[in-house]
2 protein chains.
Amino acid sequence: MPRQSRTKNAPMPKDRSPTRIQKKNRAAILEAALEVFSAHGFRGATVDQIATEAGLSKPNLLYYFPSKEAIFTALLSELLDTWLDPLRALDPDGEPLEEMLAYVQRKLQMSQDFPRESRLFANEIVQGAPRMLEALSTDLKDLVEEKATVIDGWMSAGKLKPSHPKHLIFSIWSLTQHYADFDVQVRTLMGKEDPFDAAPAFLDTFYRRMLTPA
Amino acid sequence: MPRQSRTKNAPMPKDRSPTRIQKKNRAAILEAALEVFSAHGFRGATVDQIATEAGLSKPNLLYYFPSKEAIFTALLSELLDTWLDPLRALDPDGEPLEEMLAYVQRKLQMSQDFPRESRLFANEIVQGAPRMLEALSTDLKDLVEEKATVIDGWMSAGKLKPSHPKHLIFSIWSLTQHYADFDVQVRTLMGKEDPFDAAPAFLDTFYRRMLTPA
DNA sequence: GTCGGATTTGACCAACTGGTCAAAGTCAAG
DNA sequence: CTTGACTTTGACCAGTTGGTCAAATCCGAC
């Protein structure tokens, strides 16, 4: 891998107001990058693949992002926010059981609608999250801490059957993202039946039994 | 990537009874391959890395396995069997609830004891399982079909609260493997507390509430 | 229409990677 | 201690890949 010189070289689009072309191409690149990175992981993806998928030549792509790494991190930070929206929407003032069940369904819906995003994160985290640790230990950690406290409050108030709030959150991520991340496996084993047909009811039942107070 | 000629070339160890050295080196290679492939995925791993980790030179390693691909598939097929043991051990004649709970704990134990194996499979499946589809749709599918039927029987007999057997099995895989596959994330969010301290009780509670008949 | 900045690209490059080969070193059975 | 099979390795090779550069082309504001 050639070391990055970044001394002279092309000007690279100013961070002034992006032109029409810049907006279009950056979007195309990120969309292509999502497609390719989610399917092959960071190392398995090639810049050429992404460029072709985006309808650009490789040097042209490198004109918009200085490196493969830069594309990847731009993509991650663009998506992480959206990815956490369902949890952010958990309302401390709502009805506890319904809030939890709604969260589960929102998260499941995300897996169905955005499987590539799910797999992008899965790929990265399984391999030790070398490019995400920062975000995990700040943004995500704060959010989880906050919502775990809310859930803990609900349990103490007898609104939810008690259990370990953080493990509960992990379980929701795990169960919902499984349908996106392990899609091939799940579909292979389900045969003709679409996993997403029965999944919503299954998870609703699961968490209702788990959380409905006595 | 140079095309594979495999016409003439080294004799490659006979499939006769392996010598002492062959046994040692093959084992070292597979152990090294597990370490490297599970951490970086197939494409992210290099033959050099595996060779170094195994304490061999690259050509020496290539003397025992004809290609990177061959190492990988040898590893997969060696591990898949063990990986499915916990499910295989589900006893149709046992006490249903206890059988299910015991299965969950066995699977969780596997994630704790063999996280690299879990991540190896996770990496492969997230990327579409190009080298595992065969095994998934035969061995695994048969096993799941069989055990799902057993579980269905238990539910019909009122021994377990009813739900979707296959989704139930997926949920067990998902929840237990999550602790291995997403280890970095889970540990980051749990802070000092070891996830595996509370996980057994959490999952026991979870499935007890889910499955205990009325 | 023209002009300067924004875009695009063909030709390259160096590092990396999977794999090959012939020669050299080792080992164990006779 | 020989000898033939088993192991090991240094030197290579070709294809891939991330990234660079100078020159050419395009575009929109004046």
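Throughout, protein chains are lettered first and strands after them, A, B, ... in sequence-line order, and every chain is numbered starting at 1.
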Engineer: Determine whether the aromatic ring centres of residues B:Tyr207 and A:Phe206 are separated by less than 6.0 angstrom.
Structural biologist: yes

Engineer: In whole angstroms, how far is the P atom of C:dT17 from the CG atom of B:Leu62?
Structural biologist: 14 Å

Engineer: If you compare every side-chain N and O of B:Gln22 against the phosphate oxygens of D:dC6 (OP1, OP2), does one of them come in below 4.0 Å?
Structural biologist: no

Engineer: When the distance from CG of B:Leu61 to C1' of C:dG19 is rounded to whole Å, what number comes out?
Structural biologist: 11 Å

Engineer: Tell me the interatomic distance from B:Tyr64, atom OH, to D:dT8, atom C1', rounded to whole angstroms.
Structural biologist: 8 Å

Engineer: Quick check for you: among D:dC27, C:dA6, D:dA11, whose closest atom lies nearest to any side-chain atom of A:Arg20?
Structural biologist: D:dC27

Engineer: So, B:Lys147 side chain and B:Asp91 main chain: donor-acceptor pair closer than 3.5 Å or not?
Structural biologist: no

Engineer: Looking only at side-chain N and O atoms, does B:Thr46 come under 4.0 Å of OP1 or OP2 in C:dC16?
Structural biologist: no

Engineer: With respect to the phosphate group of D:dT8, does any side-chain polar atom (N or O) of B:Asn25 fall under 4.0 Å of OP1 or OP2?
Structural biologist: yes

Engineer: Would you say D:dC21 has OP1 or OP2 under 4.0 Å from some side-chain N or O of A:Tyr63?
Structural biologist: no

Engineer: For the pair made of CZ in B:Arg26 and P in D:dT8, what is the distance, rounded to whole Å?
Structural biologist: 12 Å

Engineer: Does C:dT17 have OP1 or OP2 sitting under 4.0 Å from an N or O in the side chain of A:Arg43?
Structural biologist: yes

Engineer: Please classify the nucleic acid contact of A:Ala70 as base, sugar-phosphate, or nothing, using heavy-atom distances under 4.0 Å.
Structural biologist: nothing

Engineer: Between A:Trp83 and A:Phe121, how do the two ring planes meet: parallel, tilted or perpendicular, split at 30° and 60°?
Structural biologist: tilted

Engineer: What's the verdict on side-chain contact (heavy atoms from CB on, under 4.5 Å) for A:Glu35 and A:Ile50, showing C-alpha distance, side-chain angles and the deciding distance?
Structural biologist: CA-CA 8 Å; A:Glu35 184 71 22; A:Ile50 299 173; over 6 Å; no

Engineer: Specify the residue among B:Ile21 and B:Glu69 whose closest nucleotide of DNA chain C lies further upstream toward the 5′ end.
Structural biologist: B:Glu69

Engineer: Could you check how far CZ of A:Phe65 sits from P of C:dT7, rounded to whole Å?
Structural biologist: 13 Å

Engineer: For a quick check, tell me whether the side chain of A:Lys58 and the base of D:dG19 share a donor-acceptor pair closer than 3.5 Å.
Structural biologist: yes

Engineer: Is the distance from OP1 or OP2 of D:dG28 to the nearest side-chain N or O of A:Thr19 less than 4.0 Å?
Structural biologist: no

Engineer: At less than 4.0 Å, is any side-chain N or O atom of B:Asn60 found next to OP1 or OP2 of D:dT7? Yes or no.
Structural biologist: no

Engineer: With nearest nucleotide decided by heavy atoms, which residue, B:Asp48 or A:Gly55, maps closer to the 5′ end of DNA chain C?
Structural biologist: A:Gly55

Engineer: List the steps and the verdict of ring-ring contact (aromatic ring centres under 6.0 Å, His included) for B:Tyr179 and A:His167.
Structural biologist: CA-CA 10 Å; B:Tyr179 290 102; A:His167 282 269; 5.5 Å; yes

